[in-house]
Amino acid sequence: MAEKKINFVIYDFETSGRSPRFDQILQAGMIIYDSKLKEVEKVNLRSRINPDIIPSINALKVNRLTISDLLCQKDSSYEMTTKLQKIFSKHSPAIFCGYNSISFDEEFLRQGLWETFFYPYLTTSNNNLRGDILNLARMVHAFDPKCFNVEKNDEGKFGFKLEDLSRINNFQINNSHEAISDVMATKNILEIIKNNSINLFNVFMENTSKHKLGSKIRNENFFTLYASYYGKHFIYLLSYLIDHPIYKDNLLAFDLKFEPEEIVELSLDDLRKVFYSKNKKFFRKIKINKQPQILNFKHALSVEPYHNISEENLKKKRKILNDDEFKKKIKKILEEEAESYTTNKSQEVLFDEDTIYSQNFPFTDKQLMEDYNHVDWSKRWVIAEKFKDKRLRYFSAKHIFRTHPNILPQKIFIYLHQKISERLNTIEKRDFTTIPAAIQEADELGLDLEKDDNYFQKKQLEQYNIYIDFLNDYYSYKNKSPKPINFDGDLSKKLYNE
């Protein structure tokens, strides 16, 4: 029976900043394509700015958004995330793709779903697959550089920015950094590769399943790993050693440019020193849930320093590496490393938003989470008070504070307002934009614009400064009796007389 063909869902987010834990999705563009990359459906979603999140002025500059744009949007971030979840679920199973999506967009997606009480691993469950077109483009250029054009910068490094690839490969990208435009540009890159380098395209397709990736690595004696660091290509010929004893989906492999005899007989103490040595990197850690680019071992045999290694020599190395005592020592080192990391991490003060991967919600709260998303807003705090997990009560309060602040009990409103005030007024460096950081960022941009006649950017900055002044007053410690405010079009009119 022929394998069922599934659709591609190519998506892109424009966000308020770089932190998926504390920033928000402002625009979500997605186009569903069939297996032949013919358009099936196009969706473009937008969200209002959350009252507890300060967007980076540099992010707004890139995305060409003003504060008035963000205040006047119809949907709250909660409503946009709910629509996003329904659309993605509707088209599942599919291959979810983006440009730098696994490291960036997908983390925003997971955080948004998780805080909105939906299952966060949507793109990797229920037979869904996912792939990153940026990783594909880099890999294809390493092994088939004639497939598409890539420029080098002044430092001799290859540039893979989406707008640069679009320009040099002669397809138009209107309004780059607008979500739906970036989706179309990403699809064009994917189509060029599919048409011009089908073998590498098929490798990419195989790698969209982490289960197939894991099997490929574990069951093959040798394999090629492609990676890109700082605009340069790196190709490794590796041999699988062990699964990580603590972290699921993490594997360890040996780099076959080295001789295993150098380390297999070492004591645990000496092997530990070698493991962390920066002079010789015998080992490579692989996270199969991040879609590493895994290829047949012969790809690496065509490049230095592996091109003079015979298959007979590779088999000899593999046999030496299959030493049980050696693997036990490696396992011990990985366990120690994980324990040390956990100990250090436990000493950090985490915000509730940081705990997506460290603490699961109690099973007893799961039904309440579903109920919360299906009742009228006036009844949501009644459900929220029943949650056993304090994070769920906090996220519930945030949703109501952002969407219908007037219906929060006054005590809860005051508590949350004070908590937000403490966050936004801190002078400590944070992963989110604080009021002091926003003022500094705006001042620096203002200096740059003194020599620039860019009217739109000056309007952006003017609106931004007015908004920061407003937030500074609203979240001031002197504001002992804050009143609920809807961050919407009416507020925009008051701030900007528009």
Side-chain angles (χ1 to χ4, degrees), residues 102-103 135 138-139 141-143 155-158 207 213-214 216-218 220-311 313-341 344:
I102 289 180
S103 296
N135 293 342
R138 287 169 170 167
M139 178 189 74
H141 184 259
F143 295 107
E155 298 175 352
K157 297 177 181 178
F158 295 112
N207 291 344
L213 264 173
K216 190 191 300 188
I217 292 171
R218 295 183 187 98
E220 297 292 333
N221 288 326
F222 328 107
F223 61 93
T224 295
L225 170 68
Y226 166 77
S228 176
Y229 303 107
Y230 305 107
K232 293 186 177 181
H233 299 310
F234 292 86
I235 298 168
Y236 304 98
L237 179 58
L238 305 177
S239 181
Y240 164 76
L241 286 175
I242 62 171
D243 282 25
H244 197 288
I246 306 297
Y247 301 131
K248 182 184 176 183
D249 296 331
N250 282 243
L251 311 173
L252 191 72
F254 180 85
D255 191 332
L256 291 163
K257 68 172 167 278
F258 299 112
E259 299 300 329
E261 293 96 333
E262 292 184 52
I263 61 170
V264 167
E265 298 296 333
L266 291 177
S267 67
L268 178 60
D269 287 342
D270 288 338
L271 186 57
R272 191 183 291 111
K273 293 175 185 176
V274 167
F275 189 87
Y276 294 109
S277 172
K278 294 182 180 180
N279 296 325
K280 281 186 176 182
K281 296 202 171 197
F282 289 89
F283 306 100
R284 290 282 158 190
K285 294 177 181 177
I286 301 173
K287 296 181 179 180
I288 60 173
N289 61 337
K290 293 294 184 181
Q291 205 203 16
Q293 299 303 302
I294 305 299
L295 305 92
N296 183 276
F297 77 98
K298 291 185 179 179
H299 283 86
L301 284 180
S302 63
V303 299
E304 294 184 3
Y306 307 104
H307 62 297
N308 288 326
I309 304 177
S310 67
E311 289 192 39
N313 192 9
L314 289 177
K315 292 176 182 177
K316 178 183 175 183
K317 291 184 178 186
R318 173 73 178 174
K319 185 175 181 180
I320 295 170
L321 290 168
N322 274 333
D323 182 278
D324 289 339
E325 288 303 313
F326 169 65
K327 290 183 179 180
K328 286 180 182 178
K329 285 180 276 190
I330 291 295
K331 180 182 177 183
K332 176 67 174 174
I333 292 170
L334 292 174
E335 289 172 339
E336 292 172 350
E337 183 180 59
E339 183 180 355
S340 175
Y341 175 80
N344 293 333

[X] and [Y]: side-chain donor and acceptor closer than 3.5 Å?
X    : Y    : answer
N135 : K290 : no
K327 : N322 : yes
D255 : Y306 : yes

Check for a donor-acceptor pair, side chain of [X] on one end and backbone N or O of [Y] on the other, with a separation under 3.5 Å.
X    : Y    : result
K331 : D243 : no
K317 : L256 : yes
T224 : L237 : no
R318 : Y240 : yes
S239 : F222 : no

Taking atom [atom1] as the centre, does [X] end up with more than 12 heavy-atom neighbours from other residues, nucleotides or ligands that are less than 6.0 angstrom away?
X    : atom1 : value
Y230 : OH    : no
E335 : CD    : yes
E262 : CD    : yes

Taking the side chain as everything from C-beta on, heavy atoms only, tell me whether [X] gets closer than 4.5 Å to [Y].
X    : Y    : result
L295 : M139 : yes
L266 : K273 : no
K332 : L268 : yes
I286 : N250 : no
L225 : I294 : yes

Hey, which of I235, L314, N296 is the one that makes side chain to side chain contact (heavy atoms under 4.5 Å, CB included) with L301?
L314

Working to the nearest 0.5 angstrom, can you tell me the gap between [X] [atom1] and [Y] [atom2]?
X    : Y    : atom1 : atom2 : answer
H244 : L252 : NE2   : CG    : 8.0 Å
I217 : L238 : CD1   : CG    : 8.5 Å
I263 : S277 : CD1   : OG    : 11.0 Å
F275 : K281 : CZ    : NZ    : 10.5 Å
K157 : Y229 : NZ    : OH    : 14.5 Å
I246 : E339 : CD1   : CD    : 8.5 Å

Shortest non-hydrogen contact from [X] to [Y]?
X    : Y    : result
I309 : K257 : CD1-CA, 4.5 Å
E259 : F254 : C-CZ, 4.2 Å
P292 : N207 : O-ND2, 3.8 Å

Show your working on salt bridge (Lys or Arg N to Asp or Glu O under 4.0 Å) between E325 and K328 and close with a plain yes or no.
CA-CA 5 Å; E325 288 303 313; K328 286 180 182 178; 3.6 Å; yes

Going through the checks in order, is the side chain to side chain contact (heavy atoms under 4.5 Å, CB included) test met by D270 and V274?
CA-CA 6 Å; D270 288 338; V274 167; 5.7 Å; no

Run the side chain to side chain contact (heavy atoms under 4.5 Å, CB included) test on Y341 and Y247 for me, step by step, so that the C-alpha distance in whole Å, both residues' side-chain angles and the decisive distance to 0.1 Å come before the verdict.
CA-CA 12 Å; Y341 175 80; Y247 301 131; 3.5 Å; yes

Between K285 and E337, does a salt bridge (Lys or Arg N to Asp or Glu O under 4.0 Å) hold up when you go through it step by step?
CA-CA 13 Å; K285 294 177 181 177; E337 183 180 59; 2.8 Å; yes

Centre-to-centre under 6.0 Å for [X] and [Y], is that the case here?
X    : Y    : result
F297 : F223 : no
H233 : F158 : yes
Y226 : F234 : no

With sequence neighbours excluded, tell me which residues meet side chain to side chain donor-acceptor pair (under 3.5 Å) with N279.
none

Salt bridge (Lys or Arg N to Asp or Glu O under 4.0 Å) evaluation trace for D269 with R272
CA-CA 5 Å; D269 287 342; R272 191 183 291 111; 2.8 Å; yes

Go through the steps to decide whether K298 and E311 satisfy the test side chain to side chain contact (heavy atoms under 4.5 Å, CB included), and finish with yes or no.
CA-CA 10 Å; K298 291 185 179 179; E311 289 192 39; 4.0 Å; yes

Please identify each residue that fulfils side-chain contact (heavy atoms from CB on, under 4.5 Å) with E304, with sequence neighbours left out.
H307

For a side chain to side chain contact (heavy atoms under 4.5 Å, CB included) check, start with the C-alpha distance between L241 and F326, then their side-chain angles and the critical distance, and finish with the verdict.
CA-CA 10 Å; L241 286 175; F326 169 65; 4.0 Å; yes

